[in-house]
Number of protein chains: 2
Amino acid sequence: MLISELSKRTELSIHTLRYYEKYGLFKGEVDEKVKTNNYKHYDESLIEKVELIKEAKEIGFTLAEIKGLLDDWYSNKLSAEKKVEVLNVKIAEIDAKILQLQQVRKFLVDGIEDVKRGDC
Amino acid sequence: MLISELSKRTELSIHTLRYYEKYGLFKGEVDEKVKTNNYKHYDESLIEKVELIKEAKEIGFTLAEIKGLLDDWYSNKLSAEKKVEVLNVKIAEIDAKILQLQQVRKFLVDGIEDVKRGDC
DNA sequence: ACAAAGTGTAGACTATAGTCTATACCTTGT
DNA sequence: ACAAGGTATAGACTATAGTCTACACTTTGT
């Protein structure tokens, strides 16, 4: 698919997608058979990858971190053990974030109790 | 306490604290009895408030959102019902974030399974 | 009394992550 | 064939959240 379809299906602007591509989060392929243009084609599987990027961003990972993870993942320079290790580090980071969220959540729930008791 | 103590105890730089103060997240009080300077004094209770700001930031709230919440909270313009409502909205946002984290976590855990099965 | 360290303000600078504009070329429908 | 719309690239611009510098004044230790 071309950039506009990718944009529609991922609900990211063409600008943002190009920014991500230039950043190195993914890349499209120019059809070598076509000499008249250099339109880039994006694979069906990219949809899922972009969705993951979106999720990762929303939960607070930076583009640099996401790129690092994707690079490691698709490099084939990493052994299976290393890949598992990389993933476990990220899982630990996520668990830490979940804990923080639960702390702030508790703070807010306590706040509601205070209000209901008239302490505020 | 003065700014340097606040900085040490919150582990935020003086620059950042001044930025937050100027942003309106909190404010120090100038001692009216002292005419020679306009050093600002910060209340003991601010430590906890700043910690909350730090937590909220880390879990992805922007300064604008945090300011909105704090303003509502300390405004006394809100009825108890409104306050509870505001808090419930934030709790719902946090729950959504936790769900997202769990989704990405699952993705990574599945990734580990793939690696272990040799799919990657 | 003097130097060193603390405080306040303003404004410049940086990094991250876009977002937009201009320009030029290409494709498609009629 | 031609207008309308799609694509690529480069570079300018924006917003958020700091971070740093310069300058002036104040406080404190010796």
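Below, read A as the first sequence line, B as the second, and so on, with proteins coming before strands; counting in each chain starts at 1.
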Rounding to an integer number of Å, can you tell me how far [X] [atom1] sits from [N] [atom2]?
X: B:Leu6; N: C:dT7; atom1: CG; atom2: P; result: 10 Å
X: B:Ile14; N: D:dT19; atom1: CD1; atom2: P; result: 13 Å
X: B:Lys67; N: D:dA17; atom1: NZ; atom2: P; result: 13 Å
X: B:Ile3; N: D:dT27; atom1: CD1; atom2: C1'; result: 17 Å
X: B:Asp31; N: D:dT27; atom1: CG; atom2: P; result: 11 Å
X: B:Leu17; N: C:dT9; atom1: CG; atom2: P; result: 14 Å
X: A:Tyr19; N: C:dT16; atom1: OH; atom2: C1'; result: 6 Å
X: B:Tyr20; N: D:dT16; atom1: OH; atom2: C1'; result: 11 Å

Walk me through it: do B:Tyr39 and B:Ile3 pass the test side-chain contact (heavy atoms from CB on, under 4.5 Å)? CA-CA 9 Å; B:Tyr39 287 11; B:Ile3 190 91; over 6 Å; no
Go through it in stages, so that I can follow the logic: the residues are B:Leu99 and B:Gln102, the test is side-chain contact (heavy atoms from CB on, under 4.5 Å), and I'd like the CA-CA distance, side-chain angles, deciding distance and then a yes or no. CA-CA 5 Å; B:Leu99 260 178; B:Gln102 282 164 350; 4.1 Å; yes
Hey, which of these two, A:Ser13 or A:Lys35, hits DNA chain C nearer its 5' end, going by closest nucleotide? A:Ser13
Near DNA chain C, under 4.0 Å by heavy atom, which residues of residues 56-65 of chain A? A:Lys57, A:Thr62, A:Leu63
Residue set satisfying side chain to side chain contact (heavy atoms under 4.5 Å, CB included) with A:Ser45, at least two apart, ordered chain then number -> A:Asp43
Against the six-membered ring of B:Phe107, is A:Lys90 placed for a cation-pi contact (under 6.0 Å from the centre, within 45° of the normal)? no
Would you verify whether the NZ or CZ of A:Lys49 falls within 45 degrees of the ring axis of A:Tyr74 while also being under 6.0 Å from that six-membered ring's centre? yes
Within-4.5 Å side-chain heavy-atom neighbours: A:Gln103 and A:Lys106: no
Is any side-chain heavy atom of A:Val89 closer than 4.5 Å to a side-chain heavy atom of A:Glu93? yes
Would you find a donor on one side and an acceptor on the other, under 3.5 Å apart, between the side chain of B:Lys57 and the backbone of B:Leu63? no
Suppose the criterion is salt bridge (Lys or Arg N to Asp or Glu O under 4.0 Å): which pairs have a residue in residues 3-16 of chain B, not counting sequence neighbours? B:Glu5-B:Arg9, B:Arg9-B:Glu44
Does one hydrophobic cluster hold both A:Leu101 and A:Val109, with members joined at side-chain heavy-atom distances below 4.5 Å? yes
Against the side chain of B:Thr16, the closest entry in C:dG18, D:dT19, D:dA8 is D:dT19
Check residues 21-29 of chain B and write down every donor-acceptor pair under 3.5 Å in which the side-chain atom is one partner and the other belongs to a residue at least two apart or another chain.
{"unit_1": "B:Glu21", "atom_1": "OE1", "unit_2": "B:Tyr42", "atom_2": "OH", "d": "2.5"}
{"unit_1": "B:Glu21", "atom_1": "OE2", "unit_2": "B:Gly28", "atom_2": "N", "d": "2.8"}
{"unit_1": "B:Tyr23", "atom_1": "OH", "unit_2": "B:Ala64", "atom_2": "N", "d": "3.2"}

Show the distances under 3.5 angstrom between N or O atoms of the protein and N or O atoms of nucleotides 27-30 of chain C.
{"unit_1": "C:dT27", "atom_1": "OP1", "unit_2": "A:Thr36", "atom_2": "OG1", "d": "2.8"}
{"unit_1": "C:dT27", "atom_1": "OP1", "unit_2": "A:Asn37", "atom_2": "ND2", "d": "2.9"}
{"unit_1": "C:dT27", "atom_1": "OP2", "unit_2": "A:Thr36", "atom_2": "OG1", "d": "3.3"}

Counting only side-chain nitrogens and oxygens, does A:Ser4 get under 4.0 Å of the OP1 or OP2 atom of D:dT7? yes
Look for any protein N or O under 3.5 Å of an N or O in nucleotides 9-15 of chain D and output each such pair with its distance, or none.
{"unit_1": "D:dT9", "atom_1": "OP2", "unit_2": "A:Lys40", "atom_2": "NZ", "d": "2.8"}

